[in-house]
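Notes for the one structure printed next.
Note that this is a predicted model, so its numbers are computed, not measured. Computation of the quantities below employed the complete heavy-atom set of this structure, encompassing side-chain atoms and omitting hydrogens, waters and symmetry-equivalent molecules.
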Amino acid sequence: MQIKDVRPESFVKQIRCDRCGRLADVSEGEFQEFVSIDLKAGYASIFGDGRDVQLDLCQHCLKTALGVWLRVSDADDRQRQLEDRLKQFDPDRHGGEFPTVADFSLQEPEDLPTQDRRSLNSPLERRRRIAQVRRIMRNSMQLFFTPTTGSIRSCRQQCQRSACLDRARQRRQVEFVRRRQASDKQSAESPSGAGTSHHSEE
């Protein structure tokens, strides 16, 4: 058997606005219109991890500070939105679930103008489609053969570089042989020149 007793508990008797200082008692209607924020900051919060964030604003300061961003609607608007969503409800389609906003957005408006569709058999349309297919094929061919053409171009450049180096080496060899022959000729002529000068002195 449970034996119950009554004990006093604390409650909010008055609220003071942190912005304008307006004081409202629990017996006043203004008390119920206060907006209170009481949260604990998380890991990525700019207030600091684990810190308590609290704020009390009266309805006047709430409208002054955040009135531009507040979305205010009355009961008639909510009722109209509910009726619109109920019109979209189809048990076979939704399986007994209430339609969402996405389902409501898929509804086609009744005053949607019909679009004129061009005939695909006209000569102009055939030429346009042929040009489009050719453009797609040209782009596809370029994408397919680009790696091959790049490798061919690099091989061609490598062959040209090798041929240029071979020609430079051949020129150096020819110059070396020419200088060697000139030095051999000069060395061969120098003893005969010395002998002729010795005979002339005698």
Side-chain angles (χ1 to χ4, degrees), residues 37-55 65-71 84-85 88 90 92-95 97-202:
I37 298 176
D38 188 2
L39 58 90
K40 185 176 290 294
Y43 174 75
S45 175
I46 62 175
F47 301 105
D49 186 13
R51 292 190 175 183
D52 296 327
V53 181
Q54 298 174 347
L55 176 67
L66 302 176
V68 181
W69 300 280
L70 291 177
R71 294 183 292 272
D84 293 340
R85 294 180 66 184
Q88 302 298 320
D90 185 5
D92 297 333
R93 176 184 175 189
H94 299 97
E97 298 180 358
F98 199 75
T100 61
V101 179
D103 296 327
F104 181 75
S105 63
L106 293 176
Q107 181 185 11
E108 295 183 359
E110 297 179 357
D111 56 347
L112 185 66
T114 58
Q115 297 181 355
D116 296 334
R117 310 189 72 176
R118 292 177 295 184
S119 176
L120 300 179
N121 297 325
S122 62
L124 181 62
E125 186 65 22
R126 284 200 299 269
R127 287 197 298 269
R128 189 185 66 82
R129 294 181 63 185
I130 291 174
Q132 184 178 5
V133 170
R134 288 178 178 175
R135 184 166 58 252
I136 294 174
M137 292 182 62
R138 183 170 61 250
N139 295 336
S140 301
M141 295 289 284
Q142 289 178 356
L143 291 175
F144 181 77
F145 286 107
T146 294
T148 307
T149 54
S151 60
I152 293 175
R153 189 180 300 109
S154 61
C155 292
R156 186 181 301 168
Q157 293 176 356
Q158 187 68 24
C159 292
Q160 292 177 356
R161 191 178 300 109
S162 300
C164 183
L165 292 176
D166 290 339
R167 288 194 296 270
R169 185 170 59 254
Q170 291 176 1
R171 285 196 297 270
R172 288 196 300 269
Q173 289 179 354
V174 170
E175 183 67 20
F176 176 78
V177 171
R178 187 183 63 79
R179 291 184 179 180
R180 182 66 179 272
Q181 291 176 353
S183 62
D184 291 344
K185 184 178 180 181
Q186 185 178 2
S187 60
E189 293 177 353
S190 57
S192 61
T196 54
S197 61
H198 179 68
H199 288 299
S200 62
E201 289 177 359
E202 289 177 355

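Checked against side-chain contact (heavy atoms from CB on, under 4.5 Å), L165 has no partners two or more places apart in sequence or in another chain.
In this structure, CZ on R127 lies 9.0 Å from CD1 on I130, to the nearest 0.5 angstrom.
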Which pairs of donor and acceptor atoms, one on a side chain in residues 44-52, lie under 3.5 Å apart (sequence neighbours left out)?
{"from": "S45", "atom 1": "OG", "to": "F47", "atom 2": "N", "distance (Å)": "3.1"}
{"from": "D52", "atom 1": "OD1", "to": "K40", "atom 2": "NZ", "distance (Å)": "2.8"}

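Ionic pairing of E175 and R178 is present here: one or more N-O contacts between side-chain nitrogen and carboxylate oxygen are shorter than 4.0 angstrom.
Contact check for R138 versus R135: side-chain heavy atoms found under the 4.5 Å cut-off.
Residues I37 and L39 approach most closely at CG2-CD2, 3.7 Å, considering heavy atoms.
Q158 and R161 share a donor-acceptor pair across their side chains, judged by distance under 3.5 Å alone.
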